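The next block holds one structure in the form of structure tokens; read it before the comments.
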Amino acid sequence: MSATKGLEGIVAAESKISSIIDDTLTYVGYNIDDLADNASFEEVIYLLWHTRLPKADELAELKQQLADNMSIPQAIVDQFKTYPLSTVHPMAALRTAVSLLGVFDEEADVMDPEANYRKAIRLQAKIATVVTAFARVRKGLEPIQPKAELSYAANFLYMLKGEEPAAIEVEAFDKALVLHADHELNASTFTARVCVATLSDVYSGVTAAIGALKGPLHGGANEQVMKMLTEIGSLENVESYIQNKLDNKEKIMGFGHRVYRKGDPRAPHLRVMSQKLTELTGKPELYQMSVKIHDMIVEQKKLPANVDFFSASVYDSLGIDHDLFTPIFAVSRTSGWVAHILEQYANNRLIRPRAEYVGPGMQKYVPISER
Ligand SMILES: CC(C)(COP(=O)(O)OP(=O)(O)OC[C@H]1O[C@@H](n2cnc3c(N)ncnc32)[C@H](O)[C@@H]1OP(=O)(O)O)[C@@H](O)C(=O)NCCC(=O)NCCS
């Protein structure tokens, strides 16, 4: 029995939700390029949860259900106000708040498929409100109620900033949500599946997944990319900063991937958006710096950019606080986590692998007085 470090190459589940084959990402067989160019985030949620695209009335119904379920318990907002707001990371606040949503959901432990689907809708609807409410509370502002007539993407930006976003902002944000929605058996999705395979509830599965996404090797990378861009500060500093990191064998956030070899198909979409939005907001240097970093890493390390690299400058251009980048990833990925949780329940078996034991051989207990 020998271990495969990081479970690399191990096929740990069957899934109909998304696939990565030869560097092509599909959701239920639809190429991510096709979806990014044509589908709304709500359509993608439906696709992931039903493994087919919705008809017009089905999409309208889902939008209505999401709009009807966006409000969150006042107790969550009140609890935010008790946090050490100058230091707490929004991902920690989100992890706790999603757990708390489960406390307030009377159906949390009702495990039939209909109840689990209702919880999926409630969770997807409320997570946008949780993130935006926290973002406002920590600035001493009151949360903003969603507007039922706005799309999911538009509502998020509206609840965050208190003013209706421009069409181009909604378009970019919606596309970013589509691109982050699912990604086969990534670390947080696997975490969610392991959790619910014990027949634990949907809220526990998503809370566990948020904990996994938080790490800088996974969803936390987008915030780190922005930290790096901020530290570099200008185009002329890129070369020395990156070369120094490479010489010290440090990882550059936003590059490399466990599965993709030639490149992450989501990155080019975000790159185009980054160029467009940084020009519009008068910060083209951010894009130029990103391209220069990209070219250096590709040339020297042969590592392609992943989804997190250009999403950093996209979100920054939308005026979003940098530590909200990973929570936004969670808002989108909730759709994928929930799809995988429902798929796991539908054909469940406890996930319980083995470990290769590399400790000492059999030992005899020595009384504490003789050690
Ligand atoms: C994504 C990631 C965790 C995949 O990890 P992995 O498959 O376990 O690959 P490893 O970390 O073992 O890296 C393999 C080699 O590539 C190098 N490498 C991988 N990513 C690198 C990066 N971003 N910058 C510099 N070198 C990197 C490693 O140092 C290692 O080199 P070595 O063999 O000389 O020691 C890894 O590429 C990474 O840490 N990237 C940065 C974080 C990030 O952007 N995460 C978001 C992923 S969507």
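Just so you know, ligand 1 is whichever comes first in the structure, and atom 1 is the first atom listed for that ligand. Numbers here are sequence positions counted from 1. Since the model is a prediction, treat every value here as computed from it, not as a measurement. We use all heavy atoms of the structure for the numbers below, so side chains are in, but hydrogens, waters and symmetry mates are not.
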What atoms of ligand 1 come closer than 4.0 angstrom to any heavy atom of A221? 43 (C), 44 (O), 45 (N), 46 (C)
Quick one: nearest non-hydrogen protein atom to atom 11 (O) of ligand 1, plus distance? K251 NZ, 2.6 Å
Which bit of N306 gets closer than 4.0 Å to ligand 1, counting heavy atoms only: side chain, backbone, both or neither? side chain
Answer yes if a protein heavy atom lies under 4.0 Å from atom 20 (N) of ligand 1, otherwise answer no. yes
Proximal atoms of ligand 1 relative to H218 (non-hydrogen, under 4.0 Å): 46 (C)
Considering both backbone and side-chain atoms of G254, is one of its nitrogen or oxygen atoms within less than 3.5 Å of a nitrogen or oxygen in ligand 1? yes
Within the structure, does at least one protein heavy atom fall under 4.0 Å of atom 31 (O) of ligand 1? no
Measure the shortest side-chain to side-chain distance between H322 and N222 over non-hydrogen atoms and say whether it is less than 4.5 angstrom. no
Show your reasoning for whether salt bridge (charged side-chain N to carboxylate O under 4.0 Å, His left out) applies to E163 and K147. CA-CA 11 Å; E163 54 191 47; K147 284 190 176 173; over 6 Å; no
Between D109 and K119 (salt bridge meaning N to carboxylate O under 4.0 Å), is one present in this structure? no
Report yes if some heavy atom in the side chain of L199 is under 4.5 Å from a heavy atom in the side chain of Y345; otherwise report no. yes
Within the structure, does at least one protein heavy atom fall under 4.0 Å of atom 35 (O) of ligand 1? no
So, R138 side chain and A133 main chain: donor-acceptor pair closer than 3.5 Å or not? no
Looking only at N/O atoms, are E250 and ligand 1 under 3.5 Å apart anywhere? no
Is the distance between the ring centroids of H183 and H257 less than 6.0 Å? yes
Does atom 47 (C) of ligand 1 have a protein heavy-atom neighbour under 4.0 Å away? yes
For atom 14 (C) of ligand 1, state whether the nearest protein heavy atom is under 4.0 Å away. no
Using the side-chain contact (heavy atoms from CB on, under 4.5 Å) rule, pick out the option among V202, L123, V130 that qualifies with V98. L123
In the protein, which heavy atom is nearest to atom 1 (C) of ligand 1, and how far is it? G256 O, 3.8 Å
Judged by heavy atoms only, the candidate from I252, L217, V259, L303 nearest atom 17 (C) of ligand 1 is L303
K81, NZ: over 12 other non-hydrogen atoms inside 6.0 angstrom: yes
Could you tell me whether Q300 atom CD has more than 12 heavy atoms of other residues or ligands within 6.0 Å of it? yes
With a 4.5 Å limit on heavy-atom distance, are the side chains of M91 and E223 in contact? no
Contact atoms of ligand 1, heavy-atom distance to M253 under 4.0 Å: 42 (C), 44 (O)
Pick one of side chain, backbone, both or neither for how K301 approaches ligand 1, counting any non-hydrogen atom pair under 4.0 Å. side chain
With respect to D308, which candidate in F329, F325, F255 satisfies the side-chain contact (heavy atoms from CB on, under 4.5 Å) definition? F329
Do any N/O atoms on R258 end up under 3.5 angstrom from N/O atoms on ligand 1? yes
Within the structure, does at least one protein heavy atom fall under 4.0 Å of atom 7 (O) of ligand 1? yes
Can you find a protein heavy atom under 4.0 Å from atom 26 (N) of ligand 1? yes
Can a protein heavy atom be found under 4.0 Å away from atom 42 (C) of ligand 1? yes
Under a 4.0 Å N-O cut-off, is there an ion pair linking E231 with K227? yes
Tell me which part of D264 gets within contact of ligand 1: side chain, backbone, both or neither, using heavy atoms under 4.0 Å. neither
If I apply the N/O under 3.5 Å rule, does F255 come out as touching ligand 1? yes
Do R271 and Y287 touch side chain to side chain, with heavy atoms closer than 4.5 Å? yes
